[in-house]
Amino acid sequence: MEKQQTPFGFHKLIFILLILLSVSMSALGRDILSDIIELKIESHIASGGNFDSVTVELPNLTGKTLAKVIEYCKKHEESSEKTGELSEKWDGEFIGGVEVGMLMDLFLAGYELKIKGLNDLAASRIGGMMLGKTPEEIRVIFDIKEDPLCKKSKSPKEGERFARDNPWAFQ
Amino acid sequence: MASQVPSIASRSAIPSCSLPEDIIADILARLPVKPLLQFRSVCKAWLGLINSSRFISMHLHFSILKPENHSLIVHTFQSNPRGHTISLLHLDSPQTSVKLDHPFPRFVNSLELDVVCSCRGLVFLSNPPFGKFMSLWNPATKQSKDISHHTITGIDGSWGVSAGMGFNPVSDDYIVIRIVFRTNHRIRAEIYSSNSDSWREINVDLQFDGIHFKCNAIVKGKPYWVASENAWENHGWNSRGIYLVSFDVENEVFQRVPLPNIVENEETFHGVMEFKESIGVLMNTASDDWIMWTMDDETSWSKKFMFALGLNRAMVGVLGCSKRGYVIAEKTTREMFLYDAENNESRDVLVRFQGRVFGVFNYTESLVSVKGSKQVG
């Protein structure tokens, strides 16, 4: 008999969290812990009671990030059950309220756990922060050391040629 | 400023120097074209990424998904001062219209320049009636590629040329089709491939007469023409003799597409346009109502909706449909407006143009570039 699939989304995440528990338990708050236990039962039932054969690649996430990811997934599961619509306002407040390091962590979590909504939300927010920045500022944000196109010592011609060919891009 | 910007990487679990290219691409692909062109100078890795065809496709994919990226290319002609104007009109508020520098400023007579179509961020310009000069232009990167080196040069026995454009997703190739109509009704056709930067003549099995100097719509990379039997002899046409011809870009064949079965004399053909990613045909009724038909699969048409613009047919013309499916219409007062035909309600008055509107095209900016392009302006 074919094994029943766990529904994509929150359950899938909890599924992963169960495996993560031993790693991140101490960092998670009590509420989330009880949620996980509750959902452990739900997701155990949903998946036909068999977790044994599942292997999941684990992203390197802190407990704090996981708590945020859970907050996001819970909200979205609730609102899709209730109204079928996700609140853009809630998304905006959620992502607008996190500091930059956490933002990058949430993006990576969304990317690696394949939580599309969170991935889109965080990537768009990071993209929005990049608008209006110069390449130098972008290098600071992304901690990029090398700068071969502009650093005179390395390749002055390349940088000059680039600026000459695309003057309007720097206006 | 730079020192106040906190580093994402230093506070993240994964240091940025080891951030995989896919992750960087996932962030960058959501940005508009202009900052991406600037960010090519951030580092060599970013330059290579932003110029790669895989990234260009990914960026376009994200661009198309965002309604705020949908805009219109509007081609107008004014007689004083004489010349063509090509503008970019953003549909979302605030509506802004920006005049663009195009590659053919020297063509100032009304019939010298035609915007043929817009496809995946490229705008195809031609010089009617024989398409002697042609250019693929990307207004966002301000690059254009001259493709006037076509092979069918003799115009003996030919009464006109119709041009079209398409995209082959299999070979990631932008193609231009040039159809030469001849008085003996045996057409010749040639295609330009952006991958090979060359033209070659193709065999044509389906014979038809086009009634415009350009393709009338592009749907999913496939161009469509309005055609008729022996249009040239009639010096005009009616809805009875009209059908559509599409060009299958992958197999390089023309295909005949019949129009919806309309009741004689009740509906007259107005035009063909893209409607929400399928081919749409707009009909007029005697009582000044409009009917939109769309093709649901390769064979059958269905009546999508009927609407009344509340104006006499002589007072208003329909120019096309926006990506969201709003009808773009023009009053004889040269005001352009959007009309939500599915819900029968008028949207905003867009803009009032100085000259005559020659054409309106849906446009989404992209990084797509044709090899050998040059800077415009």
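Numbers restart at 1 for each chain; the letters A, B, ... are given by sequence-line order, proteins then strands.
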So how far is it from [X] [atom1] to [Y] [atom2], rounded to the nearest 0.5 Å?
X: D120(A); Y: F62(B); atom1: CG; atom2: CZ; answer: 6.0 Å
X: W46(B); Y: I138(A); atom1: CH2; atom2: CD1; answer: 5.5 Å
X: L131(A); Y: K34(B); atom1: CG; atom2: NZ; answer: 12.0 Å
X: I24(B); Y: F142(A); atom1: CD1; atom2: CZ; answer: 5.0 Å

**OP:** Might you point out which heavy atoms bring Q38(B) and K133(A) nearest each other, and give the distance in Å?
**Re:**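 It is OE1-O, 4.0 Å.
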Is there a side-chain contact between [X] and [Y] in this structure, where contact means two heavy atoms from C-beta onward sitting under 4.5 Å apart?
X: I27(B); Y: M104(A); answer: yes
X: R30(B); Y: I126(A); answer: no
X: M130(A); Y: L28(B); answer: yes

Subject >> E277(B) atom CD, over 12 foreign heavy atoms within 6.0 Å >> reply: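 Counting other residues, nucleotides and ligands, CD of E277(B) stays at 12 neighbours or fewer.
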Original post:
More than 12 foreign heavy atoms under 6.0 Å from NZ of K99(B): is that the case here?
Top reply: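 Incorrect, the count does not exceed 12.
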Original post:
Which bit of I23(B) comes within less than 4.5 Å of chain A, counting heavy atoms only: side chain, backbone, both or neither?
Top reply: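 Contact with chain A is through both the backbone and side chain of I23(B).
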